[in-house]
Colleague: 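Sharing a structure here in structure tokens format.
Within every chain, numbering begins at 1; the chains are lettered A, B, ... in the order of the sequence lines, protein sequences first and strands thereafter.
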Amino acid sequence: MAIKIFNTLTKQKEELIPIEPGKIRMYLCGPTVYDFFHIGNARPFIIYDIFRRYLSYRGFEVKFVMNITDIDDKIIKKSADEQVDAATVAQKYSDAFFEDIKKLGIQPADKYPRATENIPEIIALIEKLVDKGLAYVVDGDVFFSVSDFQNYGKLSGKNIDQLKSGARIEVDSRKKNPLDFALWKTVKEGEPYWDSPWGRGRPGWHIECSVMSMKCLGETFDIHAGGADLIFPHHENEIAQSEGATGKQFVRYWLHNGFLNIEGEKMSKSLGNFFTTREILTQYPAEVLRIFFLMKHYRSPVNFSEELVQQAQNALERIITTISNIDVALDQSQRELSGEAALTESIDALRDGFIAEMDDDFNTAGAMSKIFDLVKEANLILTKTQYSDADYLALQKIKETIVEFDSFLGILSYKQHQQTTITEEALIEILLNVRSELRRRKIFDLSDEIREKLIALGVEIHDRPDKPIWRKK
RNA sequence: GGCGGCGUAGCCAAGUGGCUAAGGCGGAGGUCUGCAAAACCUCUAUUCAUCGGUUCGACUCCGAUCGCCGCCUCCA
């Protein structure tokens with residue numbers, strides 16, 4: 001079945017047809033490394049990690065590239081504020097970036113090109129644009145001339161005249177059109193610079209993405225993704241630069257995720273509602289953040305709050321509990337299992353349903369409901385006092401299905417956070433054995449006291465007919 | 001002012017021109033249990049912001065109104 005994705009360029013869902021059959025070339029706008037990234041930034045990193053892995057799961061060979069913008073106004077500002085050079089700032093926060101995405105369970109991209117490592121290519125592209133008459137040089141600055149590029153505005157649905165009338169920007173009088181944007185900025189006192197045909201300077205924002213994406217993925221590639229705020233001007237400008245230079249279509253499918261708000265407000269430092277991902281990760285495991293985003297549609301805005309994350313965590317624990325209950329049940333099945341699994345039809349239907357949801361513009365929220373249905377099916381079996389072979393096989397099948405989907409969801413590793421040391425386990429076992437003996441002798445006040453104290457330590461006890469089981473909360 | 005999006009139960013959140021409007025969280029009652037916990041069962045939207053229109057039929061399509069938000073300036 002075909003995979004459909006919503007393309008910002010056409011504003012509709014389209015079947016995903018790769019340029020090269022079986023292969024997807026995908027680019028995600030990565031971080032500008034001037035600070036720790038915040039929880040709003042984490043959303044695209046997480047969801048596109050999931051999409052990319054899902055496409056692999058569906059049999060595509062995916063080449064996934066994410067850039068590191070390591071030279072830019074904000075980095076320069078930070079370096080001035082902190083009295084260190086720009087390269088040091090960039091290094092510090094790009095190291096932090098890699099640490100954080102690793103903690104988020106994000107698989108490394110195939111390539112992480114850096115702007116500063118592609119200066120010759122950037123200069124070459126600008127020269128090409130100048131040669132073609134799409135860019136002009138003023139006092140060592142180079143600007144892209146939007147009025148000379150026919151399709152300017154095709155991604156964001158804006159046209160040059162509308163933009164002009166709505167423009168609130170200070171107009172640089174050297175620009176031919178107020179919307180013209182800088183490709184190359186001439187150096188200012190104390191700033192890092194590179195030599196160029198127009199004198200010393202540095203690349204403008206936007207140009208590095210055009211250069212690095214085309215360098216790594218070709219002049220036309222399949223998917224370009226990022227936050228909705230990048231549609232204009234960043235991605236619009238990338239199209240202008242790239243298509244202006246090559247005369248070819250730059251990107252087939254543009255994907256944009258919705259924003260993350262705090263209490264319905266955009267997150268910003270001035271409002272004081274700014275949370276870095278590393279702060280959040282000290283309070284919640286990555287898997288909780290992943291399922292939090294999974295249970296919402298990627299194009300919708302989401303609110304972020306303690307309460308909502310807690311809801312997601314409780315939902316995740318439901319899945320984890322069932323999986324570990326399945327494990328306990330399967331451990332008990334000493335015999336060879338034979339025959340047909342129970343509920344085969346219903347499990348297969350849920351599995352197909354999950355994939356159908358994912359295929360429909362990555363509807364993770366719809367897909368997750370199928371996981372919960374699988375969990376429910378498992379729980380229904382687990383409630384029985386005795387399991388048949390068919391029951392065991394069904395449990396096995398349900399678990400395998402969820403584990404398989406977890407190859408891109410990345411949420412089951414949550415149970416690692418509940419893990420205990422061997423010593424802890426041994427001690428808990430001793431206490432439970434004592435408690436079982438107390439219960440056998442009907443000394444319930446003492447057995448309950450052991451239970452209460454263990455719960456206080458975060459160890460939950462469930463008395464089953466055969467023997468008690470426990471888990472760390 | 002221009003462009004775009006959203007408004008579904010206490011909360012979060014999918015979805016569809018007509019079968020019972022997914023799923024999660026929370027809550028209530030019950031089963032199980034020595035008591036619990038976990039799990040299970042039942043209940044928790046006659047209704048999808050409001051008002052009109054199109055239609056045999058709309059929550060889903062169209063229009064208006066109200067409310068919220070984003071982009072148009074750095075931003076995921």
Colleague: What pairs meet the salt bridge (Lys or Arg N to Asp or Glu O under 4.0 Å) rule with one or both residues in residues 291-313 of chain A, with sequence neighbours excluded?
Modeller: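 As it turns out, the salt bridge (Lys or Arg N to Asp or Glu O under 4.0 Å) pairs with a partner in residues 291-313 of chain A, which skip direct neighbours, are A:Arg299-A:Asp361.
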Colleague: Report which part of the nucleic acid A:Lys442 touches: base, sugar-phosphate, or nothing (heavy-atom distance under 4.0 Å, all strands).
Modeller: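 Since no nucleic acid heavy atom lies under 4.0 Å of A:Lys442, the category is nothing.
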Colleague: Counting any heavy atom closer than 4.0 Å, what does A:Asp373 reach on the DNA or RNA strands: base, sugar-phosphate only, or nothing?
Modeller: sugar-phosphate
Colleague: Output the residues of residues 226-239 of chain A in contact with RNA chain B, where contact means a heavy atom of the residue under 4.0 Å from an atom of the strand; sort by number or write none.
Modeller: A:Gly226, A:Gly227, A:Asp229, A:Leu230, A:Phe232
Colleague: Determine the Euclidean distance between corresponding P atoms of B:C25 and B:A36; express it in Å to zero decimal places.
Modeller: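 Here B:A36 and B:C25 have their P atoms 22 Å from each other.
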Colleague: Could you give the distance separating B:A45 and B:G4 at their C1' atoms, to the nearest angstrom?
Modeller: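 One C1' to the other, the span is 30 Å.
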Colleague: Near RNA chain B, which residues from residues 361-371 of chain A have a heavy atom under 4.0 Å away?
Modeller: A:Asn363, A:Ala365, A:Gly366, A:Ser369
Colleague: Return the set of residues passing salt bridge (charged side-chain N to carboxylate O under 4.0 Å, His left out) with A:Asp348 (not counting sequence neighbours), or none when no residue passes.
Modeller: A:Lys397
Colleague: Which residue is it: A:Leu230, A:Leu9, A:Asp229? I am looking for the one with a side-chain contact (heavy atoms from CB on, under 4.5 Å) to A:His235.
Modeller: A:Leu230
Colleague: List for me each residue that meets ring pair (Phe, Tyr, Trp, His ring centres under 6.0 Å) alongside A:Phe6, sequence neighbours excluded, and say none if there are none.
Modeller: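 Residues passing ring pair (Phe, Tyr, Trp, His ring centres under 6.0 Å) with A:Phe6: none at all.
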Colleague: Do we see a donor-acceptor contact under 3.5 Å between the side chains of A:Tyr54 and A:Asp359?
Modeller: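 Present: a donor and an acceptor within the cut-off.
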Colleague: What interatomic distance, in whole Å, is found between P of B:C40 and the corresponding atom of B:U47?
Modeller: 30 Å
Colleague: If the sugar-phosphate is the primed atoms plus P, OP1 and OP2 and the base is the rest, what is the B/S/- string for nucleotides 35-44 of chain B, using protein heavy atoms under 4.0 Å?
Modeller: BBBSSSS---
Colleague: Expressed as a whole number of Å, how far does the P atom of B:G67 sit from that of B:U20?
Modeller: 37 Å
Colleague: Taking atom C1' in both B:C68 and B:G52, what distance in whole Å separates the two?
Modeller: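 Nearest-Å result for B:C68 against B:G52 at atom C1': 23 Å.
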Colleague: Sequence neighbours excluded, which residues qualify as side chain to side chain contact (heavy atoms under 4.5 Å, CB included) partners of A:Leu454?
Modeller: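 Side chain to side chain contact (heavy atoms under 4.5 Å, CB included) check on A:Leu454 returns A:Leu431, A:Leu432, A:Ile450, A:Val459, A:Ile461.
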Colleague: How would you list, by chain and number, every residue that makes a side chain to side chain contact (heavy atoms under 4.5 Å, CB included) with A:Asp352, sequence neighbours excluded?
Modeller: none
Colleague: Spell out yes or no: do the side chain of A:Glu307 and the base of B:C11 have one donor N/O and one acceptor N/O closer than 3.5 Å?
Modeller: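 Donor-acceptor pair under 3.5 Å: no.
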Colleague: Find the runs of at least 3 consecutive base pairs, i with j, i+1 with j-1 and so on, that include RNA chain B, using Watson-Crick or G-U wobble geometry with both distances under 3.5 Å.
Modeller: B:1-7 with B:66-72, B:10-12 with B:23-25, B:26-31 with B:39-44, B:49-53 with B:61-65
Colleague: Taking ring pair (Phe, Tyr, Trp, His ring centres under 6.0 Å) as the test, write out the residues that go with A:Phe221, two or more places apart.
Modeller: A:His224, A:Phe250
Colleague: For A:Glu429, enumerate each residue passing the side chain to side chain donor-acceptor pair (under 3.5 Å) test, keeping only those at least two apart in sequence or located in another chain.
Modeller: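 A:Glu429 satisfies side chain to side chain donor-acceptor pair (under 3.5 Å) with A:Trp470 only.
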Colleague: Any side-chain donor-acceptor pair under 3.5 Å between A:Asn314 and A:Gln310?
Modeller: yes
Colleague: The criterion is side chain to side chain donor-acceptor pair (under 3.5 Å); which residues satisfy it with A:Lys13, sequence neighbours excluded?
Modeller: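 With neighbours one apart ignored, the set is A:Asp360.
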